[in-house]
Participant: 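My questions will all concern the structure given below.
Labels below follow one simple rule: chain letters A, B, ... track the order of the sequence lines, proteins then strands, and each chain is numbered from 1.
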2 protein chains.
Amino acid sequence: MHGTPRPPATPAEALSAMDHLIAAHLIGQQELARRLGLTVTDLTCFAFVLEAGDDLLTAGDLAARAHVTTGAVTGILNRLERAGYVTRRPDPADRRRVRVAAVPAAVSRVEAVYAGHYKRLTALFADYSAEELAIITDWFTRATGLAHEYLEKLNRNDPDEEC
Amino acid sequence: MHGTPRPPATPAEALSAMDHLIAAHLIGQQELARRLGLTVTDLTCFAFVLEAGDDLLTAGDLAARAHVTTGAVTGILNRLERAGYVTRRPDPADRRRVRVAAVPAAVSRVEAVYAGHYKRLTALFADYSAEELAIITDWFTRATGLAHEYLEKLNRNDPDEEC
DNA sequence: GTAAATGTCTTAGCTACTAAGGGAACGTGG
DNA sequence: CCACGTTCCCTTAGTAGCTAAGACATTTAC
């Protein structure tokens, strides 16, 4: 279906389409987490750990990225560790810190559950040319940048509300 | 920046970019809800009410769309109603049902908080040609369809897990 | 007219979060 | 070396929102 002509769209249509995608993805995430016996927050943190790769995250890093308190992270790590997704490791340079390492077998466990959807998405992407993918990816990246800017501005101006 | 050539992208890059966008949006949603004195679930339900427009949703509809129990919906509607976002109305045809109507003033209240980000996104969209927007919108729509299919399949095969 | 089904609300209990503080480890300045 | 403040994670107490199960009113079917 490469290069199939599509009817042109308006910004409003694109925005609405994006909202629907995000809503669907949110529910999917919830289902996936439930199936793995985790919470959405746990799964998100596990994703952060995977994304960080070899330079292991600390518990505090996770708190910052997931926007939760360090107290919450303790619970999250307890669950993830007990379920065999991560292990806590001492930091050789700073004994206060706790570094979080992913358990290799757990990665494939998550991927196994997610494989169905992941394959479908990859197949969908294969339906587009590299140039079209470039447009889509570019937009994703810029929209993400905007979202981060927006969040920063919110947090800078008034961390607590006034409404 | 219409028609600016972009470096071609791979499916994996696109998928990763999508994940980041969704993660950012998720946190933004949380911030927005907090600022409005609501939970993310409340805000999501309010969005469903707005989307439904004039044919008012019932409490049960909301439970189905938000994937929560009807007991939870009672709490959600209590909060939304107390904060002045919606009103409960009797259904003339079926006195068991509760129909949910949005309070007009509340719509602009939410939009006021969201306006900053919304304007930036719209501006971003304006940077793309109608044809490029068509590609993006098309992809959103098809990815959403896939997500829904995946969810349906999950719920059909085994509503509860086996792991 | 009775029985089953439907739609919302209630109740009890659970889980994950925050806020506040504690104790160990770091790092700086005398 | 050694107090001092800081940083990091964990603990504790309290809260909020969810589920599950059932009550109650209403509708539908036979």
Participant: So, for Leu121(B) and Ala143(A), which heavy atoms are closest and what is the spacing to 0.1 Å?
Facilitator: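 Heavy atoms of Leu121(B) and Ala143(A) come nearest at CD2-CB, 4.2 Å.
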Participant: Please determine whether any donor N or O and acceptor N or O are separated by less than 3.5 Å between the side chain of Arg96(A) and the base of dT7(D).
Facilitator: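 In this structure, the two groups form a donor-acceptor pair.
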Participant: Verify the contact: side-chain N or O of Thr74(A) to OP1 or OP2 of dT11(D), cut-off strictly under 4.0 Å; return yes or no.
Facilitator: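 No, because none of the side-chain N or O atoms of Thr74(A) sits under 4.0 Å from OP1 or OP2 of dT11(D).
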Participant: Between dC18(D) atom P and Ile27(A) atom CD1, what is the distance in whole Å?
Facilitator: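 Atom-to-atom, Ile27(A) to dC18(D), this comes out as 14 Å.
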Participant: Just call it for Gly75(A): base, sugar-phosphate, or nothing, with non-hydrogen atoms closer than 4.0 Å on any strand.
Facilitator: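 Counting heavy atoms under 4.0 Å across all strands, no contact is made by Gly75(A).
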Participant: Toward the 5' end of DNA chain C, which comes first, Ala72(B) or Thr69(A), by nearest nucleotide?
Facilitator: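 Here Ala72(B) is the residue nearer the 5' end.
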Participant: Check whether any side-chain N or O of Arg97(A) sits under 4.0 Å from OP1 or OP2 of dC8(D), and answer yes or no.
Facilitator: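 So the side chain of Arg97(A) is within the cut-off, an N or O lying under 4.0 Å from OP1 or OP2 of dC8(D).
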Participant: Tyr85(A) ring centre to Arg109(A) NZ or CZ under 6.0 Å, with the angle to the axis within 45°?
Facilitator: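 Arg109(A) over Tyr85(A) ring: yes.
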Participant: Under 4.0 Å from a heavy atom of chain A: give me the 5'-most and 3'-most nucleotides of DNA chain C that qualify.
Facilitator: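 That gives a stretch of dA16(C) to dC26(C).
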Participant: Let me check something: do Leu15(A) and Trp139(B) share a hydrophobic cluster, defined by ILVMFWY side-chain heavy atoms less than 4.5 Å apart, either directly or through other members?
Facilitator: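 Yes; Trp139(B) is reachable from Leu15(A) via cluster members.
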Participant: Which part of the nucleic acid does Arg99(B) contact within heavy-atom distance under 4.0 Å: base, sugar-phosphate only, or nothing?
Facilitator: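 Counting heavy atoms under 4.0 Å across all strands, no contact is made by Arg99(B).
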Participant: When you check the phosphate oxygens OP1 and OP2 of dA25(D), does a side-chain N or O of Arg95(B) lie under 4.0 Å from one of them?
Facilitator: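 Answer is no, no contact under 4.0 Å.
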Participant: Which heavy atom of Phe48(B) sits nearest a heavy atom of Leu62(B), and at what distance?
Facilitator: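 Looking at all heavy atoms of both residues, the closest pair is CB-CD2, 3.8 Å.
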Participant: Describe the nucleic acid contact of Val68(B) in one word from base, sugar-phosphate, nothing, applying a heavy-atom distance below 4.0 Å.
Facilitator: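 Val68(B): backbone/sugar contact only, no base atoms under 4.0 Å.
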Participant: Look at the side chain of Thr70(A) against the base of dC10(D) and say whether a donor-acceptor pair falls under 3.5 Å; ignore hydrogens and angles.
Facilitator: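 Present.
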Participant: Write down the distance between CG (Leu57(A)) and C1' (dC8(D)), rounded to a whole number of angstrom.
Facilitator: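 Between C1' of dC8(D) and CG of Leu57(A): 15 Å.
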Participant: Between Leu38(A) and Leu32(A), is there a shared hydrophobic cluster once you connect ILVMFWY residues whose side-chain heavy atoms come closer than 4.5 Å?
Facilitator: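 Yes, because Leu38(A) and Leu32(A) connect within a single hydrophobic cluster, where side-chain heavy atoms sit under 4.5 Å apart.
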Participant: Salt bridge or not for Asp91(A) and Arg95(A), using N-O below 4.0 Å?
Facilitator: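 Not counted as a salt bridge, because no side-chain N and carboxylate O are separated by less than 4.0 Å.
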Participant: In whole Å, I'd like the distance from the CZ atom of Arg34(A) to the C1' atom of dT19(D).
Facilitator: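 In whole Å, dT19(D) C1' lies 12 Å from Arg34(A) CZ.
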Participant: Hey, could you give me each pair passing salt bridge (Lys or Arg N to Asp or Glu O under 4.0 Å) that has a residue in residues 68-79 of chain A? Not counting sequence neighbours.
Facilitator: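 Listed by first then second residue: Asp42(A)-Arg79(A).
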Participant: Toward the 5' end of DNA chain C, which comes first, Asp42(A) or Asp61(B), by nearest nucleotide?
Facilitator: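 Nearest nucleotide further toward 5': that of Asp61(B).
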Participant: Would you indicate, yes or no, if dA16(D) has its OP1 or OP2 atom less than 4.0 angstrom from a side-chain nitrogen or oxygen of Thr39(B)?
Facilitator: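 For Thr39(B), the contact criterion (side-chain N or O under 4.0 Å from OP1 or OP2 of dA16(D)) is not met.
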